[in-house]
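Report on the following structure.
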Amino acid sequence: LACREKKNYSKNYPKNVPMRLSLATILAFAALSAANGFVPVALTRRNLACRVSDEEVEVDPVDGEEGGEDVEVAPAAVEESPPAASTSPFADALGAQPPLGFFDPLNLLEDADQERFDRLRTVELKHGRVSMLAIVGHCTTTAGVRLPGDIDLHGTSFASIGTGLKHIGDVPALGWAQIFLLAGLMEFFVMTPREDSGMKSEFVGDFRNSVDLGWDDFSAEEKESKRAIELNNGRAAMMGILALMVHEMLNNDPYVINSLLGFPVAFN
C-alpha cells in the first residue's frame with residue numbers, strides 16, 4: 001500500500017517543481033548577494049568590529065566573584081561617512097549631469113588644465129555632431145533615398161551603392177576623395193573657432209563663423225540648456241551609430257529593436 005501511495009504521489013507530483021525550487025533558491029541567494037552590495041561600507045560587520053574595537057568602552061565592575069554575570073556592552077554608534085565627492089575642478093562643468101554626473105572612468109582629466117579640457121570637449125562635440133549626421137544618413141539611405149547622378153566619372157551611380165559597412169567597398173576612389181575633401185574643408189574652415197570672423201566664439205564648440213541663426217536671441221539659461229542637449233544627443237548618437245554597425249556585422253540586422261517589436265526593417 002505504501003508503495004502504491006508513493007507511486008501515485010510521484011505521478012501527481014509535477015516534474016518541474018524541483019527545477020522551480022532550484023531556480024527560486026538561486027534567485028533568493030542572488031537577491032541577497034545583490035542586496036549586500038547596496039549596504040554602505042560603514043555598516044558591514046568587519047568595519048563595524050573595527051570601529052567598536054577602536055572606541056573606548058567603559059564597563060562597570062561586577063561586585064562579588066570574579067567572572068560574574070555577563071555584561072552586555074552596546075557598541076558605539078556608527079556614523080555613516082558621506083560619499084566622497086569628485087575633487088576634479090571640472091566636476092561641475094557643462095555635461096556633468098544626471099544620471100552619471102561627472103563621468104571620467106579613464107581619468108583623462110586627471111591633473112588636466114583648462115587647455116586640455118577644452119581640447120577634449122572640442123573633440124567630443126565634433127564626434128557627437130558627426131555621429132548625429134551618421135545616424136541620419138544611415139536611416140535615410142536605409143529608406144532608399146539617394147542623391148541623383150553619379151559619384152564618379154565612370155558612371156557609378158549613387159543609387160548603386162548599398163547601405164552600411166557591407167557596401168563600403170562599393171565606393172570608388174573618386175568618391176572617397178570627395179568625402180575626405182569635404183571633411184577637410186569642414187575641419188579647417190567651418191568647424192573651428194576663428195577670431196577674425198567678426199564673431200568671437202563664446203565657448204568651446206561655438207563655430208558660427210559670422211553666421212548667426214538666432215543664437216543671440218536666447219537667454220543665458222536657454223543657451224546652457226541647448227548646449228547640454230547637444231552634448232547628450234551627441235553622446236547618444238555615438239553609441240547609436242556604434243550599435244548599428246555592431247548589429248549589422250552580427251546578423252545584418254542593425255535595426256534590431258524594430259525586429260523585436262515586430263516591425264523588421266528590410267536592410268540591403
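Here, residue 1 is the first one in the sequence, and each next residue gets the next number. Here the structure is a predicted model, which means the values were calculated and not measured.
In this structure the side chain of Glu202 reaches within 4.5 angstrom of the side chain of Trp215, judged on heavy atoms. Between Leu242 and Met245, the closest side-chain pair of non-hydrogen atoms falls below 4.5 Å. Side-chain contact between Leu108 and Arg116 is present, with at least one heavy-atom pair separated by less than 4.5 Å.
Atoms OG and CG, from Ser131 and Leu244 in turn, are 10.5 Å apart once rounded to the nearest 0.5 Å. For the atom pair Ile179 CD1 and Leu174 CG, the distance stands at 10.5 Å (nearest 0.5 Å). To the nearest 0.5 Å, the span separating CG on Leu231 from CD on Gln97 amounts to 7.0 Å. Here the CD1 atom belonging to Ile161 is positioned 10.0 Å from the CG atom belonging to Leu147, to the nearest 0.5 angstrom. Distance check, rounded to the nearest 0.5 Å: CZ of Phe90 to CG of Asp104 gives 10.5 Å. To the nearest 0.5 Å, the span separating CZ on Arg119 from CG on Asp113 amounts to 13.5 Å.
Pairs passing the salt bridge (Lys or Arg N to Asp or Glu O under 4.0 Å) check and including a residue from residues 226-251, sequence neighbours excluded, read Glu124-Arg235, Arg129-Glu230.
The environment of Asp92 atom CG is sparse: at most 12 non-hydrogen atoms of other residues, nucleotides or ligands sit within 6.0 angstrom. Enclosure of atom CD in Gln114 by more than 12 non-hydrogen atoms of other residues, nucleotides or ligands within 6.0 angstrom is indicated. The number of heavy atoms from other shown groups lying within 6.0 Å of NE2 (His167) is above 12. Under a cut-off of 6.0 angstrom, the local environment of CD1 in Ile257 is sparse, with at most 12 non-hydrogen atoms contributed by other residues, nucleotides or ligands. The environment of CD in Glu224 is sparse: at most 12 heavy-atom neighbours from other residues, nucleotides or ligands sit within 6.0 Å.
Connection of Leu213 to Phe218 is not established within any shared hydrophobic cluster, with ILVMFWY side chains joined at heavy-atom distances below 4.5 Å, either directly or through further cluster members. Linking Ile, Leu, Val, Met, Phe, Trp and Tyr residues whenever their side-chain heavy atoms come within less than 4.5 Å leaves Val204 and Phe207 in two separate clusters. Using a 4.5 Å cut-off between side-chain heavy atoms of Ile, Leu, Val, Met, Phe, Trp and Tyr, with links allowed through other members, Leu182 and Val190 fall into the same hydrophobic cluster. Taking hydrophobic clusters as Ile, Leu, Val, Met, Phe, Trp and Tyr residues chained together by side-chain heavy-atom distances below 4.5 Å, Val256 shares a cluster with Phe263. Hydrophobic cluster membership differs between Met132 and Ile135, with clusters built from Ile, Leu, Val, Met, Phe, Trp and Tyr side chains linked at under 4.5 angstrom.
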Let's go through Phe203 and Leu94 carefully: what are the C-alpha distance in whole Å and the side-chain angles of both, what is the deciding distance for side-chain contact (heavy atoms from CB on, under 4.5 Å) to 0.1 Å, and is it a yes or a no? CA-CA 11 Å; Phe203 49 86; Leu94 184 69; over 6 Å; no
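Of all heavy-atom pairs between Phe102 and Ser88, the closest is CZ-OG, 3.5 Å. Asp253 and Ser259 make their closest contact through OD2-OG, 2.8 Å (heavy atoms, listed as atom of the first residue, atom of the second, distance). Minimum interatomic distance between Trp176 and Ile168 (heavy atoms only, all atoms of both residues): CZ2-CG1, 3.5 Å. Residues Ala91 and Ala96 approach most closely at O-CB, 3.2 Å, considering heavy atoms. In terms of heavy-atom proximity, Phe267 sits nearest to His138 at CE1-CE1, 3.6 Å.
Shown here are the ring pair (Phe, Tyr, Trp, His ring centres under 6.0 Å) partners of His247, two or more places apart in sequence or in another chain: there are none. With sequence neighbours excluded, the residues that form a salt bridge (Lys or Arg N to Asp or Glu O under 4.0 Å) with Glu187 are Lys126.
Asp152 places no side-chain N or O within 3.5 Å of a backbone atom of Pro172 that could act as its donor or acceptor partner. In this structure, Thr122 contributes its side chain and Asp118 its backbone to a donor-acceptor pair below 3.5 Å. In terms of modelled atom types and a separation under 3.5 Å, the side chain of Arg146 and the main chain of Ser157 share no donor-acceptor contact. Thr141 places a side-chain N or O within donor-acceptor distance of the main-chain N or O of Gly137, the cut-off being under 3.5 Å.
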